[in-house]
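Take a look at the structure below.
Chain letters run A, B, ... following the sequence lines, proteins first, then strands; residues in each count from 1. What you see is a predicted model, and the numbers here were worked out from it, not measured in a lab.
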Number of protein chains: 2
Amino acid sequence: MCQLLGMNCNVPTDICFSFAGFRARGGLTDHHRDGWGIAFFEGAGVRAFLDPNPSADSPVAELVRHYPIHSLNVIAHIRKATQGDVGLENTHPFQRELWGRYWIFAHNGNLKGFAPALSGRFQPVGTTDSELAFCCILDRLAQRFPRGTHDTAELHAALRELALEIGGLGEFNFLLSDGDRLFAHCSSRLCYIVRKAPFPVAHLADEDVTVDFNQVTTPRDRVAVIATTPLTDNEAWTQIPPGNLFAFHDGEPVAMAKTRTVAQDYPRRNMSDA
Amino acid sequence: MCQLLGMNCNVPTDICFSFAGFRARGGLTDHHRDGWGIAFFEGAGVRAFLDPNPSADSPVAELVRHYPIHSLNVIAHIRKATQGDVGLENTHPFQRELWGRYWIFAHNGNLKGFAPALSGRFQPVGTTDSELAFCCILDRLAQRFPRGTHDTAELHAALRELALEIGGLGEFNFLLSDGDRLFAHCSSRLCYIVRKAPFPVAHLADEDVTVDFNQVTTPRDRVAVIATTPLTDNEAWTQIPPGNLFAFHDGEPVAMAKTRTVAQDYPRRNMSDA
């Protein structure tokens, strides 16, 4: 079982605190030693750091831990290999371009017998079910919206259908972002927290590190952190109910719908039902 | 004028020595302060480090300088912006996937009035002429070889035609790799050196650093380094004649032909004429 970490914010924010606890799961407090990666959107650009070595003792992870890169959308992954050898080409997150935007994807789970028909426009480089699923998602989006002239509700609905279809083949927790929204699909385990004023003093579950976010934020900042399991042990994290695809924007979930029902969008005011 | 650096080897080799001199040109010994990047192929995978800040004082460059990543094909770039703002989305090298392989591209020069018709399969994320040229190249390759079932001579010939066509609009020095070969096109300035046994004691031109390659290599190693201008001051670098596209494989140029003549491939035995 891999570990996912995502962050979506309303102002560019660094992920150093959360990453400190997350990286410890790559060989220190947990056994995910088969590589790790993290991708930061900065404007339209993406910076990805990938390492097929365990994150707990990676010099690249050490850099990411201490180098504050400010981003609106971040996706990170620590790998416990199920399908595909340990190697850079199988290290998440994966990156492609569609409609003149970069897309980033990371997956936790295992898809059995997944062999979708692909047009050839997006092809896996490695041998994971995860990269294949990512290529399948983009292939279908490109066919459905050839010019990229869709609104966010249409995109969310299309992704929900794809999550439902692919998720029928096994465990399919994933994080996906085009730099605008961060989509989080839960099929078994995925939770999130929204931090906003008054900010908490948070303590990591995996390392003895505490941060008082009031010291490093402004009152209007809002940050959503999404993870496989809670990263802090003194805050209340919200489980995403299995079968749901959440879209995060400006540091909070903006719409949700069950992937197991007919596609429909829920207005933002219903979010208190989550 | 940007700076290009490429490396192609017959065994996975680190680029720490060459990068030490190269990075100094990003704000220390030269004035290219508008970002830098480096991409390493490792197997089928790619690790790219991109930074919109000057390389001379970049923590990421400090990591790359001292962290030996072993690769058969490396492309690096230091930017002096001509078209496109300074920003991550305009930082070279650029990356895309075609035929289930990653492709990496970096450009030195300036293309004027370049507005190719693109199918939409590959679209620029940023606003540089360079990324547009890269998308144009891949778009044309994808149309010409839809299934990727071509041999290396056909690929080389197709790239040579594209280099000729696009290079007609301005300065078009570039490095391009699919992880198998490293293509180097010179329209004005690009040179290379092939290091093999007996290895030299090399001294950087931009920093007072010396390496005796006999201490860090085996007799069968062969490494080609390609750069805008020579990186060492005590070795004989070979200029690539303007108008030529060289393909490097296993640490040496394997074929060459003028982009300004009818497409034809030169057999490997003629390389001593270079």
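- With rounding to the nearest 0.5 angstrom, the CG atom of A/L50 is 9.5 Å from the CD atom of B/E42.
- Only the backbone of A/A48 comes within less than 4.5 Å of a heavy atom in chain B; its side chain stays farther off.
- With a 4.5 angstrom heavy-atom cutoff, A/V60 touches chain B via backbone and side-chain atoms both.
- Contacts of residues 122-136 of chain A with chain B at a heavy-atom distance below 4.5 Å involve A/F122, A/Q123, A/P124, A/V125, A/E131, listed in sequence order.
- Within the model, atoms CD1 of B/I69 and CG of A/L88 stand 9.0 Å from one another, a figure rounded to the nearest 0.5 Å.
- The most heavy-atom pairs under 4.5 Å with chain A, out of B/G100, B/G148, B/G43, come from B/G100.
- Neither the backbone nor the side chain of B/D85 has a heavy atom closer than 4.5 Å to any heavy atom of chain A.
- Between chain B and the residues A/E62, A/E89, A/H66, A/E97, the largest count of heavy-atom pairs under 4.5 Å involves A/E97.
- Using a 4.5 Å cut-off between heavy atoms, B/R96 contacts chain A through its side chain alone, with no backbone atom that close.
- The part of A/Y67 that comes within reach of chain B is its side chain, from C-beta onward, which places non-hydrogen atoms under 4.5 angstrom from that chain.
- Put simply, the side chain of B/L63 does not reach to within 4.5 Å of the side chain of A/F49, judged on heavy atoms.
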### Derivation and outcome, side chain to side chain contact (heavy atoms under 4.5 Å, CB included), residues B/R47 and A/T91
CA-CA 10 Å; B/R47 271 206 253 210; A/T91 303; over 6 Å; no

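- For A/N90, no part lies near chain B; criterion is any non-hydrogen pair under 4.5 Å.
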